[in-house]
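Encoded as structure tokens, the structure appears first; notes follow it.
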Amino acid sequence: MFANQLPTAEAASVPADAALLDVREQDEWDAGHVDGALHIPIGEVVARIAELPDERLYVLCRVGGRSAQVVQYLVAQGRDAVNVDGGMFAWEAAGRPMVGTDGRDAFVL
């Protein structure tokens with residue numbers, strides 16, 4: 001499966017109630033993330049796949065590369081997964097809400 005064949009969505013079009021999976025590392029997550037998103041770093045996704053909801057899953061990373069790899073894997077496993085094009089940078093640029101860990105101002109690391 002090639003990247004241009006992956007299910008993809010623009011950050012602005014992700015439904016407000018969508019199930020989100022953030023595959024960034026802990027320091028990136030702590031800097032800023034989507035409240036309510038599930039955080040599983042890319043290196044842990046295979047081992048923790050049972051934790052993922054059965055519904056359509058929108059996958060985020062910083063710019064879209066790592067999340068595209070995860071989406072490719074999930075789709076191959078028969079899961080309904082969509083790559084958020086542009087990742088958290090696009091999410092932030094679209095004015096979508098983010099939170100930082102421990103009440104800090106959120107930013108994309």
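Numbers for residues simply follow the sequence, beginning at 1. Every value quoted in this text rests on a predicted model; they were computed, and no experiment measured them.
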Residue list, salt bridge (Lys or Arg N to Asp or Glu O under 4.0 Å) with E44, at least two apart or on another chain | R48
Looking only at atom types and distance, does a side-chain atom of H33 sit under 3.5 Å from a main-chain N or O of E28, one as donor and one as acceptor?
-> no
State, with a plain yes or no, whether a side-chain heavy atom of V71 is found less than 4.5 Å away from one of P7.
-> yes
Identify the two heavy atoms, one from G64 and one from C61, that lie closest to each other, and give their separation to 0.1 Å.
-> N-SG, 3.0 Å
Closest heavy-atom pair, N83 versus A68, reported as atoms and distance to 0.1 Å, is OD1-N, 3.3 Å
From L109 atom CG to F89 atom CZ, the distance as rounded to the nearest 0.5 Å | 8.0 Å
Test I49 against L74 for side-chain contact (heavy atoms from CB on, under 4.5 Å), laying out the working first.
-> CA-CA 9 Å; I49 194 167; L74 293 174; 3.9 Å; yes
Donor-acceptor pair, R24 side chain versus H39 backbone, under 3.5 Å?
-> no
Answer yes if V14 and M98 sit in the same cluster of Ile, Leu, Val, Met, Phe, Trp and Tyr residues linked by side chain heavy atoms under 4.5 Å apart, and no otherwise.
-> yes
Could you grab the distance from atom CG of L20 to atom CH2 of W91, nearest 0.5 Å is fine?
-> 5.0 Å
At what distance, to the nearest 0.5 angstrom, does CD1 of I42 lie from CD of E25?
-> 8.5 Å
If every non-hydrogen atom of A106 is compared with every non-hydrogen atom of G32, which pair is closest and at what distance?
-> CB-CA, 4.0 Å
Look at the side-chain heavy atoms of Ile, Leu, Val, Met, Phe, Trp and Tyr, link any pair under 4.5 Å apart, and say whether V75 and I40 land in one connected group.
-> yes
How many angstroms lie between atom CG of D102 and atom CG of D30, to the nearest 0.5 angstrom?
-> 7.5 Å
Kindly indicate whether the side chain of M88, heavy atoms from C-beta on, has any atom under 4.5 Å from the side chain of V34.
-> yes
R79 side chain to L52 backbone, donor-acceptor under 3.5 Å = yes
Using the rule that two of Ile, Leu, Val, Met, Phe, Trp, Tyr join whenever any of their side-chain heavy atoms come within less than 4.5 Å, decide whether W29 and V59 are in one cluster.
-> no
Does CG in D27 sit with more than 12 non-hydrogen atoms of other residues, nucleotides or ligands closer than 6.0 Å?
-> yes
How far does CZ of R62 sit from CG of L60, to the nearest 0.5 angstrom?
-> 13.5 Å
Separation of L57 CG from L21 CG (nearest 0.5 Å) = 5.0 Å
Hey, any chance V23 and V63 share a hydrophobic cluster, counting ILVMFWY side chains that come within less than 4.5 Å of each other, even indirectly?
-> no
Sidechain-backbone polar pair: R96 side chain, A11 backbone, donor-acceptor under 3.5 Å | yes
